[in-house]
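Right, one structure below, let's go through it.
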Amino acid sequence: VTQGTDNNWYDHADWADAQITCGTATNSPPTPTITSPTAGTTYKVGDTIQLSGTATDPEDGIIPATGLAWQVVTHHCTGSVCHEHPLISFSGPTASFSAPDHDDGSYVEVILKATDSAGLYTSSSRNLNPQTIPLTLGSFPGGLQVLYGGSVLTTPAQVNAIVGGVRTIEAPSPQGSSVWQSWSDGGARQHAITIPTSATTITASFAAGSSATTYLSDLTPSATPANGW
């Protein structure tokens with residue numbers, strides 16, 4: 001057998017009958033498609049998110065369930081700086097998960113990975129944004145400080161809060177001659193709130209006082225002093 005000038009191989013015994021054409025085998029990656037959740041889907045904390053998807057491959061046809069896998073990732077952004085928190089993963093064409101309660105400024109990404117019989121894979125992803133409301137934290141008198149989720153804010157302050165999320169608000173006291181008296185929602189000086197579905201304002205009221213107690217926490221003391229006070 002010899003190689004001809006056309007780069008094909010020929011048998012000396014019969015040049016016409018023994019032609020072999022050599023080429024390079026190719027394999028194309030599969031194409032995954034996310035069918036649920038649909039584009040534009042938003043969520044509240046605790047919502048059940050249904051996942052479903054399919055994939056096709058030029059060589060294999062429909063990718064079986066064993067070739068499909070999901071990953072759910074929470075992205076948290078502070079200003080222009082973002083980082084990721086892997087949330088949960090699944091195998092197969094369908095799954096579901098509960099929308100997480102993460103800090104404001106976060107969103108969820110769902111990723112569908114399809115792998116063909118040769119081990120070649122491709123991923124498709126979809127971002128899900130949370131439903132948010134403007135939450136205003138005020139004080140009377142104005143211009144005092146409050147804490148929201150551990151961050152110090154000067155009133156009046158507005159945040160885009162994720163609906164259904166649980167956040168802690170606190171009124172540091174005293175502030176100068178101003179002593180905390182109450183929150184407009186009736187909560188303790190430091191308490192948790194659940195973010196509602198519509199715009200809300202919560203106000204901390206202060207009063208002037210010559211003798212002020214410094215609040216270190218709202219926790220009950222772990223022991224009673226010997227004098228009973």
Side-chain angles (χ1 to χ4, degrees), residues 1-133 160-165 195:
V1 178
T2 59
Q3 186 175 22
T5 58
D6 58 0
N7 290 325
N8 292 322
W9 293 87
Y10 296 91
D11 187 339
H12 286 297
D14 189 343
W15 288 55
D17 296 335
Q19 179 175 333
I20 304 174
T21 301
C22 297
T24 301
T26 59
N27 180 47
S28 299
T31 301
T33 301
I34 297 174
T35 55
S36 179
T38 57
T41 295
T42 60
Y43 65 88
K44 304 184 298 296
V45 171
D47 280 353
T48 298
I49 308 296
Q50 300 289 342
L51 303 177
S52 63
T54 61
T56 57
D57 183 77
E59 290 78 32
D60 296 348
I62 297 176
I63 297 294
T66 54
L68 299 176
W70 296 90
Q71 185 177 20
V72 182
V73 178
T74 300
H75 295 260
H76 182 207
C77 299
T78 304
S80 60
V81 179
C82 300
H83 58 275
E84 298 180 1
H85 300 270
L87 183 62
I88 197 167
S89 58
F90 305 96
S91 297
T94 61
S96 66
F97 68 97
S98 180
D101 186 359
H102 204 77
D103 292 342
D104 300 331
S106 64
Y107 65 93
V108 170
E109 178 186 18
V110 295
I111 305 165
L112 175 61
K113 177 182 176 181
T115 305
D116 67 13
S117 60
L120 196 62
Y121 62 85
T122 308
S123 296
S124 178
S125 67
R126 178 159 292 159
N127 292 339
L128 309 179
N129 291 316
Q131 299 173 27
T132 63
I133 59 106
N160 287 322
I162 298 177
V163 174
I195 306 302

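Computed from a predicted structure; not experimentally measured. Numbering of residues begins at 1 and proceeds along the displayed sequence.
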Shortest non-hydrogen separation from Thr33 to Leu112 and the atoms involved | O-CD2, 3.6 Å
Which atoms form the tightest heavy-atom contact between Ser28 and Asp57, and what is the distance?
-> O-OD1, 3.1 Å
What distance separates Ile63 CD1 from Thr31 OG1, expressed to the nearest 0.5 Å?
-> 9.0 Å
With sequence neighbours excluded, tell me which residues meet salt bridge (Lys or Arg N to Asp or Glu O under 4.0 Å) with Asp116.
-> none
Which distance, rounded to the nearest 0.5 Å, do you find between the OG1 of Thr74 and the CD of Glu109?
-> 10.0 Å
Quick one: CD on Gln71 to CZ on Phe90, what's the gap to the nearest 0.5 Å?
-> 11.0 Å
How many angstroms lie between atom OG of Ser125 and atom NZ of Lys113, to the nearest 0.5 angstrom?
-> 14.0 Å
Would you confirm whether Asp101, through its side chain, and Gly165, through its main-chain N or O, come within 3.5 Å as a donor-acceptor pair?
-> no
Trp70 side chain near Phe97 side chain, heavy-atom distance below 4.5 Å = no
At what distance, to the nearest 0.5 angstrom, does SG of Cys77 lie from CG of Asp103?
-> 11.5 Å
Indicate the atoms forming the closest heavy-atom contact of Ser124 with Ile34, along with that distance.
-> O-CD1, 3.6 Å
Looking only at heavy atoms, the pair that brings Ile162 and Asp104 closest together is N-OD1, 3.1 Å
Are there more than 12 heavy atoms of other residues, nucleotides or ligands under 6.0 Å from atom OH of Tyr121?
-> no
Calculate, to the nearest 0.5 Å, the distance between atoms OG1 and CG belonging to Thr94 and Leu51 respectively.
-> 8.5 Å
Looking only at heavy atoms, what is the nearest atom pair of Val45 and Pro100, with distance?
-> CG2-O, 3.7 Å
Side-chain donor-acceptor contacts of residues 35-44 below 3.5 Å, not counting sequence neighbours, with atom names and distances?
unit_1, atom_1, unit_2, atom_2, d
Thr35, OG1, Ser52, O, 3.0
Thr35, OG1, Ser52, OG, 2.7
Ser36, OG, Gln50, O, 3.0
Thr38, OG1, Thr41, OG1, 3.4
Thr41, OG1, Thr38, N, 3.4
Thr41, OG1, Thr38, O, 2.8
Thr42, OG1, Gln131, NE2, 3.4

Among Pro93, Ser91, Pro30, Pro32, which one satisfies side-chain contact (heavy atoms from CB on, under 4.5 Å) with Leu68?
-> Pro93
Plane angle bin for His85 and His102 - parallel if under 30°, tilted between 30 and 60°, otherwise perpendicular = tilted
